Amino acid sequence: MAIKTVMVGLATCGISAGGEKVYEAFQKELQEGADFVLRETGCVGMCYREVLVSISNGAQESYLYGEVTPDRVKRIVAEHVQNDKPIDEWLVSGADREVGFFDKQVRIVLRNCGVIDPSSLQEYLQSGGYKAVERVIKEMTPEQVIKEVQISGLRGRGGGGFPTGKKWELTRASVSDKKYIICNADEGDPGAFMDRSVLEGDPHSVLEGMMIAGFAIGADEAYIYCRAEYPKAVARLRLAISQAKKQGLLGDNIFGSSFNFNIKVKEGAGAFVCGEETALIASIEGRRGMPRFRPPFPAQQGLWGKPTNINNVETFANIPWIILNGGAAYAAYGTDDSKGTKVFAMAGKVKRTGLVEVPMGMSINDIIFKICGGIVNDKKFKAVQMGGPSGGCIPASLGETLIDYQQINKTGAIMGSGGMVVMDETTCMVDVAKFFLAFTQAESCGKCTFCRIGTKRMLEILERITEGKGKEEDLVTLDKLGEQIKIASLCGLGQTAPNPVLSTLRYFRDEYEAHIRQKKCPAHVCSPLLTYTIDQEKCNGCMLCPRSCPTDAIIGEKKLPHKILQDLCIQCGKCFTVCNQDAVIKD
Amino acid sequence: METNEKEFKPFNVDIWKYDGHAGALIPLLQSAQDTYGYVSERAIDYISHVTGVPPAEIYGVVTFYAQFRTKPLGEKVIKVCNGTACHVNGVKEIANTLTDELGINYEETTEDGKFSMVSVACLGCCSLAPVVMVSNETFGRLTPQKTRKLVRDLKRK
């Protein structure tokens, strides 16, 4: 019997679901004499089934367990690891409820995530790692590399969608004694976590992509600008860099050539605007991360005034695959306008939350229903938010829209970095717009007046509307201000900040109007517009709600139905939260 | 805000010497905050002395980035994720529960200095929303009931 390998998913999602305790439980089994190899791995994408554990003997046979707890470890080791009897009822792949999660995906960026041990250079090498950069250095010219990337049709995956090959060509064309590569790992969009997963699950692929870019444009020094909120990703990157250095894959005379390349990690300090290229550069240089006017573009004058090529994590992770399989193979996936695959972080009211990688050209409905199993509690799908604070909400009626830069732009949303937050009938669209605007308002660096003050005014209007103090002319003002902010802002943050408002105004105007005219929140979210009452049939008079009420608005004797005095009620919702009889009605 | 002269232990300034670029300013500030829990005036003066960057400029950088604090925080910092997924999944109720249990709002510290509550943009655990993080440990899929229990457990520790 071959010795089995047990891999525990220990990306941030796995750890927060208790992965480390599961890992320790397996370690204990090892100490007690069980015979198997224990490894950690990154995120396979099925965050909704964490903690995930895969058990394999050799390459062909692999079993995936979901929702593993430390208590389950003993039985898994005793039955599966020692006696070759997989425990069907705990297997993810065993039951047919998982059909469709993987078979519609095409995994290029996530090819190694959840498969290899990210802390092992050896495993990355065994899966074909650093073969692409070796080929590039030994067999290709920089021009050929750029050509290949151009053929692939790859566009920047961070949100901008600028053709990667073109960007490289421009930076290559800049004449300078020194050039830089920067990897933008400042994944700031709330609701997006694919870059984190790649960094945690397959850090070497990003390093390799950066090396290839460095070779192509003639840079020998690189920075990874990573969010400080991702401690695990930073640690894995640092480890990967030191491993690659030790192996001679980074440093001087790589693969015996004259190509030198070094990578440093810079931790961000928490500023959303630093996702913008010129702000990111300012931040690395140790200044306030404020964007500057372009041109000159970073390709001409970037870090320390030298030509700099900035790409995002996912973009770099695509590169080794493109070199090994050819640009044409990559371009075979997708639509005329958008090639290859895109990773999406699925969150919100969808059954299977996690990471999916799909070929461009798949419909939004297919992702949500066929891959992710539809909406939680089978409620009604209302909208999906794409592109985070820069994007917009695509209503369910446009669910057949294809994943394609142009098609998505037409809806008023953007492809963005890949966050998809799914919303159902219990999500208030005015509240969502307010949420995003509050975010961009707080993150505006303050340089441009329209962004700094305009977003503030828009936010005030939205706050008023959700408090039931909206006026009829507010919607016109929102539209107008939104258009002005878009035109008069310097960087992407300001230019796109009004999008969440404008797109919800476009598709969900009736909800805004209900807030303003009827003073009602149809999704029952905006608390000042709600009325709380107690169902006299259901209430058992347990006294929980009168005790929780901060304004003593609830009256009633013990064991007799309670009542809410409406003129004292401040709609805080505490009674609704504490009631365990579902007797408090929200309307 | 002032740190006692005797207690002031210089943090890792080698980063600066190593890099030689002004770019080390942020790592220096991060190192100061790691050592003291916040960036004190004394630390700013010290960094200014080492780097030659004027204190006003350093203060400008400190206040620009969300990560840096100019006041000490409580022993346990409860980071409440206010990302999109957490928002949609009702993090507001979680925050209200925390406020109820601890008597503090965002950016406040309890009088006994035990707890601080801060709002963070996104912890990246969207699939477990709503999420809070206490001293680098993440607690996901929270309900008001679970939150109340969490706070009581933390208080007992």
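A note on names: the letters A, B, ... follow the listed sequences, proteins ahead of strands, and every chain is numbered from 1. Note that the structure is predicted; figures quoted are calculated from it, not measured.
A:V350 does not touch chain B: none of its heavy atoms, backbone or side chain, sits under 4.5 Å away. Contacts of A:C274 with chain B are made by side-chain atoms alone, with heavy-atom separations under 4.5 Å and no backbone atom involved. Of the atoms belonging to A:T427, it is side-chain heavy atoms, and not backbone ones, that fall under 4.5 Å from chain B. With a 4.5 Å cut-off on non-hydrogen atoms, A:R196 touches chain B through its side chain but not through its backbone. Heavy atoms of A:F272 lying under 4.5 Å from chain B are absent altogether.
Heavy-atom neighbours of A:K178 NZ from other residues, nucleotides or ligands within 6.0 Å: above the threshold of 12. Sparse packing is recorded around OH of B:Y59, with 12 or fewer heavy atoms of other residues, nucleotides or ligands lying under 6.0 Å away. More than 12 heavy-atom neighbours from other residues, nucleotides or ligands sit within 6.0 angstrom of NZ on B:K155.
Contact detail for B:R141 and A:C47: the closest heavy-atom pair is NH2-O, 4.1 Å. The two residues B:Y65 and A:G289 have their closest heavy-atom pair at OH-N, 3.1 Å. Pairing each heavy atom of B:G60 with each of A:R288, the nearest pair is O-NH1, 2.7 Å.
B:Q145 CD to A:T577 OG1: the interatomic distance, rounded to the nearest 0.5 Å, is 8.0 Å.
Ranked by non-hydrogen atom pairs under 4.5 Å with chain B, the options A:E267, A:M423, A:E20 are led by A:E267. No other option in A:P190, A:S197, A:A192, A:A269 has as many heavy-atom pairs under 4.5 Å with chain B as A:A269. Comparing A:R227, A:E187, A:E443 by heavy-atom pairs within less than 4.5 Å of chain B, the highest count is held by A:R227.
Scanning for side-chain contact (heavy atoms from CB on, under 4.5 Å) contacts around B:K114 gives B:E75, B:T110, B:D112, with sequence neighbours left out. A:P231 pairs by the side-chain contact (heavy atoms from CB on, under 4.5 Å) definition with nothing, not counting sequence neighbours.
Of the possible donor and acceptor atoms, one in the side chain of B:Q30 sits under 3.5 Å from a partner among the backbone N and O of A:G268.
Contacts between residues 83-105 of chain B and chain A, defined by a heavy-atom separation under 4.5 Å, are made by B:G83, B:T84, B:A85, B:H87, B:V88, B:N89, B:K92, B:E93, B:D100.
Every pair passing salt bridge (Lys or Arg N to Asp or Glu O under 4.0 Å) that includes a residue from residues 418-434 of chain A is listed here, sequence neighbours excluded: A:K349-A:D424.
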